[in-house]
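Here is the naming used below: chain letters follow the sequence lines, and residue numbers restart at 1 for every chain.
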Amino acid sequence: MLDFLGTRQRTHTCGELRAADAGTTVTLMGWVNRRRDHGNLIFLDVRDRYGITQIVLDRELSPEAHAKAEQARPEYVVAATGQIRLRGAESVNPKMATGEIEIAATELLILNDSKVPPFSPAEDAIQNEEVRLRYRYLDLRRPEMQRNIEVRHKVTLAVREYLASQGFYEIETPFMTRSTPEGARDYLVPSRVHPGHFYALPQSPQLFKQILMISGLDKYFQIARCFRDEDLRADRQPEFTQIDLEMTFPQQEDIFRVVEGFLKAAFEVTGEKISTPFPRMTYDEAIRLYGIDKPDLRLPPMTDVRDAFSAEELSSLKIEAGLPIIAIVIPGQVEMSNTQRKAFAQEIDRTAGPDLAFLDLRRLEKSPQYAALAQRIDAAAARNCGLAGVEPENRLIVLSPRLGTTAPARDHLWLYKKAGQLRLDLAKRFQDEHGAFTKKGTAGDYKFLWVTDFPFFEWDEETRTWTFAHHPFTSPHEDDLKAGRMESDPEAVRALAYDIVLNGTELGSGSIRIHRQDVQQQIFRALGMSDEEARDRFGFFLEALQYGTPPHGGIALGLDRLVMILAGASSLREVIAFPKTAKAIDLMVNAPTPVSDAQLKELHIRPVLRS
RNA sequence: GGGGACGUAGUUCAGCUGGUUAGAACGCUGCCCUGUCACGGCAGAGGUCGCGGGUUCGAGCCCCGUCGUCCCCGCCA
C-alpha cells in the first residue's frame with residue numbers, strides 16, 4: 001500500500017546533515033539504497049543526488065513507521081520524518097559524509113515501490129553495458145554517473161560564463177539545414193512539403209558561424225550539438241557536443257587566449273589545476289618528435305639517434321644509412337624480459353612490415369662489439385630528450401630501418417608515424433610501470449598542447465589528387481599565398497589551422513578562415529573544383545563572402561571528450577546521459593525503428609531493403 | 001567494409017578430454033534477530049547455456065551460420 005505525499009515537503013537533502021544539526025526535526029526523501037533489518041530495529045540508507053543518510057526505525061519509537069520499513073525494499077521511494085540524532089561513538093561511520101548522525105524516524109511513507117532492479121545503483125558499475133544502457137535511469141542513479149553529469153554541467157556553465165564575460169554572444173543555429181562540407185556522412189531529414197528533398201543535420205555549425213561574423217556579431221559561441229553518420233569508437237558518438245566559437249579580426253593567438261581562458265575556468269570549477277598558456281608546437285615538430293599530430297606530452301618525445309652510429313656499425317647491423325633511427329624512451333621500471341623482447345620484435349614485424357627492425361639494446365650492451373655503441377645511443381637519447389643523464393630505469397626501444405628498405409619507409413613521415421604508433425602501444429602496455437597516466441592531483445596531470453601550421457593539402461592516394469586537410473574555408477599562410485606556392489608547391493603550403501591536444505586526445509580544431517572571395521576561388525581551383533561546382537555546393541556562402549567579409553577565425557572543442565578526461569572515464573558513454581551503442585542504437589528507447597507506411601508515404605519515401 | 005574479444009541464473013563468473021540431475025557468490029523470497037552500515041542466522045525459489053542448423057549414441061563444450069555488446073583498423077576532426 002503506497003502512501004500519499006500530502007503537503008509534506010523535503011526539508012533537507014540526504015547529503016547535507018552533520019553533527020551540528022543534531023536535535024532538529026527533518027523530512028528527507030529519496031531512494032532506499034540499502035535496508036538492514038534487525039527485527040525490532042531497521043536501518044534504511046536513503047539516497048538522493050546529494051548523498052546518503054541513515055534512517056533508524058525503532059519499533060518502540062514508532063510501530064507504524066517500523067512496519068512501513070519492513071515493507072521497504074531497495075529503490076523504493078520513501079519520505080522519512082524524525083529527529084536528527086548523534087550516533088554513539090562506536091557507531092559513527094567515517095566512510096559516510098553524514099556518518100556522524102542518523103534520523104530517528106517517527107514517520108515513514110512509502111511514496112512508490114520498485115520492481116527488483118536488474119542491477120543495484122548502490123553497487124559499482126556492472127560489466128554488462130547492454131543492461132546499463134537499457135536501464136539507463138538506474139545506471140544514472142549511481143553516484144559515479146551523477147558525478148560525471150555534475151562535472152559536465154559545471155564545465156558547461158563555466159565555459160558559458162567565461163565566454164559571456166569576454167563579450168561572446170551565445171547564438172543558436174539550425175538543426176535542420178543543408179549539408180555543410182565537413183567530409184562526414186550526413187544524417188538526413190526528409191521534407192514532407194518538398195518531395196524528394198532533404199534537410200541535413202549539421203556536422204558542425206561551421207558556415208553559420210562564419211556568416212554570423214559576416215553579419216557583424218563579432219564574437220559568437222554555442223554549446224552546439226553536431227551529427228555525423230560515421231562508425232563509432234569509445235571517443236566517438238554519432239551526436240556529440242562542441243564548444244563552438246568564432247571571432248572577428250583575430251590573430252591565432254587571440255583564439256588561443258580565449259580557449260586557454262575558458263579551459264582554465266572549466267578546470268578550476270571542477271577542482272583541477274592547469275597552467276596556461278599551453279605550449280605550442282608545429283605539425284612538423286609533432287610528427288618528428290612524437291610521430292603523431294596529437295602528441296601525448298606525459299611521456300618524453302622520440303629521438304633520432306642515428307648520429308651515434310658509425311658507418312661500419314650501420315652496415316654490420318644491416319641498417320639503412322641516412323634514415324632516422326628512432327629511440328623511444330619509456331620511463332620507469334619497464335625492463336622487458338627476453339620473452340617480451342622477442343614478442344615485441346615479432347610485433348614490430350607484424351605491424352610495421354619488413355622495413356623496420358627492433359634493435360635490442362640489451363643484447364647490444366652485452367656484446368663486446370657493440371657495448372660502446374649502446375652507451376652512445378643511451379647518451380644521445382638522453383641528450384635529445386633533455387634528460388639530465390642516462391637514467392638506468394628508463395628503457396630505450398630503438399627502431400631502425402632495415403638495409404634495402406622499400407620506398408614507403410624511405411619517407412621520414414612514414415617512419416615517424418610507425419614509431420609514434422609503437423610509442424603509444426608501449427605507453428599503454430607499460431602504464432602501470434611508468435605511472436605517467438595516473439593522476440597526481442597536480443597541474444602536470446593535464447598536458448595541453450597547441451599544434452599549429454598544419455599542411456594545407458593532403459595527398460589522397462585513392463583519387464590521386466590533393467585534397468584539403470582541414471576544410472576548404474581554412475586560410476593558407478599569407479606568406480605561402482604571396483610566394484605562389486599554391487601552384488608551385490602545394491605540399492609546402494601551411495594552413496592557418498590549429499588543434500588543441502590534451503593528453504594525446506584531440507580536443508578541438510580550428511582555423512583562421514578565408515575572408516576574400518578571390519582567395520576562396522583560388523582554393524577551390526587548386527582542389528580541382530570548377531567554379532560551377534563550387535557555386536553549386538557553397539553558392540550561398542560564396543555570395544555572402546562578397547558583401548564585406550571581415551577577417552575571422554575560430555575553433556570547436558569536443559565537450560564530451562573534455563568531460564571524459566576530467567571524469568577519468570574511458571568512454572564518452574560515461575559522460576553522456578543517453579548515449580548510443582557502437583552500432584548507433586539507443587537501447588533504452590530502442591531507436592532507430594521502422595516507421596509506418598503511412599508516415600513514409602507522407603514523406604515521399606519508399607525504402608529499398610537489401611535482401 | 002575488415003579484424004579481435006565476449007555471450008551460461010537478475011548480476012559477476014566457474015563449468016575438466018564431449019558423458020548422469022549445469023554450479024558458486026551476490027541479489028531475490030520466507031522466517032528469526034535492537035546498533036547495523038557490503039549487518040548476521042536458517043530455509044527456499046530461480047537456467048530457451050544468445051538464436052538457428054549440423055556432427056555425435058550423447059553438445060554449455062566441436063563445426064557452420066546468425067544476432068547482440070565491447071575494442072581496434074578503414075571511415076570520421
field: Closest non-hydrogen atom pair between Ala569(A) and Glu574(A), with its separation
entry: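 Ala569(A) and Glu574(A) have their closest heavy atoms at CB-CB, 3.6 Å.
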message: Testing the basics here: between Val92(A) and Pro94(A), what is the closest heavy-atom pair and its distance to 0.1 Å?
response: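 Minimum heavy-atom contact is O-CD, 3.4 Å.
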So which nucleotide does [N] pair with, by the Watson-Crick or G-U wobble rule with both distances under 3.5 Å?
N       : value
rU69(B) : rA5(B)
rC26(B) : rG10(B)
rC49(B) : none
rU56(B) : none
rC37(B) : none

What protein N or O atoms touch nucleotides 71-74 of chain B N or O atoms at under 3.5 angstrom, if any, and at what distances?
unit_1  : atom_1 : unit_2    : atom_2 : d
rC71(B) : OP1    : Arg573(A) : NH1    : 3.3
rC71(B) : OP1    : Arg573(A) : NH2    : 3.0
rC72(B) : OP2    : Ala234(A) : N      : 3.4
rC73(B) : OP2    : Arg233(A) : NE     : 2.9
rG74(B) : N7     : Arg233(A) : NH2    : 2.8
rG74(B) : O6     : Arg233(A) : NH1    : 3.0
rG74(B) : O6     : Arg233(A) : NH2    : 3.3
rG74(B) : N1     : Asp231(A) : OD2    : 2.7
rG74(B) : N2     : Asp231(A) : OD2    : 3.2

Roughly how many Å is it from [atom1] in [X] to [atom2] in [N], rounded to a whole number?
X         : N       : atom1 : atom2 : answer
Gln237(A) : rC75(B) : CD    : C1'   : 16 Å
Asp293(A) : rA77(B) : CG    : C1'   : 9 Å
Tyr187(A) : rC76(B) : OH    : C1'   : 12 Å
Ile126(A) : rG10(B) : CD1   : C1'   : 9 Å
Glu130(A) : rC70(B) : CD    : P     : 8 Å
Asn128(A) : rG68(B) : CG    : P     : 15 Å
Trp450(A) : rA77(B) : CH2   : C1'   : 14 Å
Glu506(A) : rA77(B) : CD    : P     : 10 Å

field: Option among Arg34(A), Arg141(A), Lys115(A) that satisfies the salt bridge (Lys or Arg N to Asp or Glu O under 4.0 Å) test with Glu75(A)
entry: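 Filter result, single survivor: Arg141(A).
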message: When you compare the side chains of Gln237(A) and Asp560(A), does any donor N or O come within less than 3.5 Å of an acceptor on the partner?
response: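 No.
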message: Can a side-chain donor-acceptor contact be found between Asp244(A) and Tyr220(A) if the only test is distance below 3.5 angstrom?
response: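 A pair is found: one side chain offers a donor N or O, the other an acceptor, under 3.5 Å apart.
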- request: Please name the residue in the list Glu246(A), His552(A), Gln210(A) that meets the side-chain hydrogen bond (donor to acceptor under 3.5 Å, both in side chains) test with Arg513(A).
  value: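 By the side-chain hydrogen bond (donor to acceptor under 3.5 Å, both in side chains) criterion, Arg513(A) pairs with just one of Glu246(A), His552(A), Gln210(A): Glu246(A).
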Which value, in whole Å, describes the distance between the [atom1] atoms of nucleotides [N] and [M]?
N       : M       : atom1 : value
rC32(B) : rC39(B) : C1'   : 14 Å
rG46(B) : rA24(B) : P     : 14 Å
rG44(B) : rA59(B) : P     : 32 Å
rA25(B) : rA77(B) : C1'   : 46 Å
rC64(B) : rU55(B) : C1'   : 10 Å
rC6(B)  : rU20(B) : C1'   : 30 Å
rC42(B) : rC33(B) : C1'   : 11 Å
rC16(B) : rG1(B)  : C1'   : 40 Å

message: Which label fits Phe473(A) and Phe538(A): parallel for a plane angle under 30°, tilted from 30 to 60°, or perpendicular past 60°?
response: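 Because their plane-to-plane angle is over 60°, the rings of Phe473(A) and Phe538(A) count as perpendicular.
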message: Quick check on rC39(B): is either OP1 or OP2 less than 4.0 Å from any side-chain nitrogen or oxygen of Arg36(A)?
response: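 Arg36(A) to rC39(B) OP1/OP2: side-chain N or O found under 4.0 Å.
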- request: Ignoring backbone atoms, establish whether Lys583(A) has a side-chain N or O less than 4.0 Å from OP1 or OP2 of rC67(B).
  value: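 Answer no for this pair, as no side-chain N or O of Lys583(A) is under 4.0 Å from OP1 or OP2.
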Could you pull out all residues at least two apart from [X] that satisfy side-chain hydrogen bond (donor to acceptor under 3.5 Å, both in side chains)?
X         : value
Tyr135(A) : none
Glu253(A) : Arg280(A)
Glu16(A)  : Thr13(A)

Annotated protein contacts, base or backbone, on nucleotides 28-35 of chain B with a non-hydrogen cut-off under 4.0 Å, one of B, S, - each: SSS--BBB
query: Taking only residues at least two apart or on different chains, which pairs with a member in residues 83-99 of chain A satisfy side-chain hydrogen bond (donor to acceptor under 3.5 Å, both in side chains)?
result: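 Only Arg85(A)-Glu102(A) qualify under side-chain hydrogen bond (donor to acceptor under 3.5 Å, both in side chains).
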message: Under 4.0 Å, heavy atoms only, any strand: does Thr581(A) hit a base, just the sugar-phosphate, or nothing?
response: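 Sugar-phosphate contact only.
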- prompt: Nearest nucleotide by nearest heavy atom, which residue falls closer to the 5' end of RNA chain B, Leu133(A) or Phe454(A)?
  reply: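 Checking each residue's closest nucleotide, the 5'-ward one belongs to Leu133(A).
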